[in-house]
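Working notes, beginning with the structure itself.
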Number of protein chains: 2
Amino acid sequence: MKFALRLGIKYKEFLIYGMSMALVLLLLKVMEANFIVFNYRLDFFIGAIAIVFTVLGVWLALKLVKPKVVTQVIEKEVYIENQDKIEIDQKEIAELGISKRELDVLNLMAKGLSNEEIAGKLFISLNTVKTHSSNIFVKLDVKRRTQAVEKAKRLKIIN
Amino acid sequence: MKFALRLGIKYKEFLIYGMSMALVLLLLKVMEANFIVFNYRLDFFIGAIAIVFTVLGVWLALKLVKPKVVTQVIEKEVYIENQDKIEIDQKEIAELGISKRELDVLNLMAKGLSNEEIAGKLFISLNTVKTHSSNIFVKLDVKRRTQAVEKAKRLKIIN
DNA sequence: GCCAAAATCATCCTAAAGTATGAATAAGAT
DNA sequence: ATCTTATTCATACTTTAGGATGATTTTGGC
């Protein structure tokens, strides 16, 4: 487990530290001037100084230490429900040499329309639809309309 | 942004701190005994003590304080394209009254198999497949296998 | 304007799909 | 044990799909 522990430059904290130190030293001067210091053992005075500055040091350290940043990447699974919006593979269409009209027929085929219904929708004869569908089967290398639809969806030619 | 800032109990660090403090006070005693201290200004001595214990305090704090942990949660959206794994709507199947065998036929139908091929795969006769498919069409309220496949996929009966 | 590809349509034929009906058997539930 | 439902199969028939072939008409690019 790695963690970065760097000292940041925080002027405010240093300022407070400096002022505290000055205050303590000033206090010392006042005590010295009034001969208060030597009413007690020097040991205790030194000890007090040590404790105060230890506390100050601890405080300073806590203020200055930058927090360890743990980046936790949570993978949120988002299922795509829009099957309608699958992008159509134009390259594949071009490679297979499927024409616009054939694509029209293929799309209506995928919706479950009969050749006669397709003919009605596209204003062409049943024979023409048969010709188109036959060509589609050859180009898709399938034998039936159901296979054609299945393969076309798999190849993202239709949606 | 929450972060935990707790003091851990680390005896080794406290021991080192205590020993350092004892050493400094011992040094002080020795200097005091030899009248070294007062050869210099008390100010400088006190300043030195302050600096030493500040450093000790900082060191102690860094050792004792568990690093502030900032947990940064980044949600990464992972898109899943698995159309195969669309859950099948068992309720719909039950509501439509589609039997297991009919579902078998429907699934193979969706793969583009002919009735004869389905019969071969399921080890039943062509006539049986026709009976099943006819029943499927009635239950799905469609007229052709292509429509059946289209509607079945839409209703998530098959995938 | 010409040419190739795309789109259109027709005819004939076969294969597959779908309908209707009846019936036997297996499996599960009450 | 009985009754219903699912599964199986058959036969006869109709409709639709698909294959093969040929031909005409648009249409877009050079």
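Residue contacts shown for A:Asn115 are limited to sugar-phosphate atoms, with no base heavy atom under 4.0 Å away. Using a 4.0 Å heavy-atom distance criterion, B:Thr131 is classed as a base contact. When heavy atoms are screened at a 4.0 angstrom cut-off, A:Thr128 is found touching base atoms of the nucleic acid.
With rounding to whole Å, B:Lys130 atom NZ is found 18 Å from C:dG22 atom P. Look at NE2 on A:His132: it is 15 Å from P on D:dA17, rounded to the nearest Å. The CG atom of B:Asp141 sits 15 Å away from the P atom of C:dG18 (whole-angstrom rounding). We find that CZ of B:Arg144 is positioned 15 Å from C1' of D:dT14, with the value rounded to whole Å. Atom pair A:Ile136:CD1 and D:dG19:P shows a separation of 11 Å (rounding to whole Å applied). Atom-to-atom, CD1 of A:Ile124 to P of D:dT25 comes out at 18 Å; the value is rounded to the nearest Å. One can place CG of B:Leu126 at 14 Å from P of C:dA15, the figure rounded to the nearest angstrom. Between the CG atom of A:Asn135 and the P atom of C:dA5 there is a distance of 14 Å, given to the nearest Å.
Put simply, A:Arg145 has a side-chain N or O that comes within less than 4.0 Å of OP1 or OP2 on D:dG18. In this structure, B:Ser134 reaches the C:dT19 phosphate: one of its side-chain N or O atoms is under 4.0 Å from OP1 or OP2.
DNA chain D is contacted by both A:Asn127 and B:Phe123; B:Phe123 maps to the nucleotide lying nearer its 5′ end (nearest heavy atom per residue).
Rounded to the nearest 0.5 angstrom, A:Gln90 CD and A:Ile98 CD1 are separated by 11.0 Å.
One hydrophobic cluster, built from ILVMFWY side chains closer than 4.5 Å, holds both A:Phe137 and A:Ile124. Criterion: ILVMFWY side-chain heavy atoms under 4.5 Å apart, direct or through other members. Under it, A:Ile136 and A:Leu126 are not part of a common hydrophobic cluster.
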A:Thr131 and A:Thr128: CA distance, side-chain angles, deciding distance, side chain to side chain donor-acceptor pair (under 3.5 Å) verdict: CA-CA 5 Å; A:Thr131 305; A:Thr128 305; 5.8 Å; no

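Between C:dT8, D:dT7, C:dA10, one nucleotide has an atom nearer to the side chain of A:Ser125 than all others, and that is C:dA10. Of the candidate nucleotides C:dA10, D:dG19, D:dT8, D:dG19 has the atom nearest to the side chain of A:Phe137. Closest to the side chain of A:Arg101, from the set C:dA7, D:dC9, D:dA17, is C:dA7. Nearest to the side-chain atoms of B:Glu116 among the listed nucleotides D:dT8, D:dA6, C:dA16 stands C:dA16. Proximity note for B:Ser114 (side chain, C-beta onward) versus D:dT7, C:dA16, C:dA6: the nearest is C:dA16.
Between B:Ile93 and B:Leu155, every side-chain heavy-atom pair lies at or beyond the 4.5 Å cut-off.
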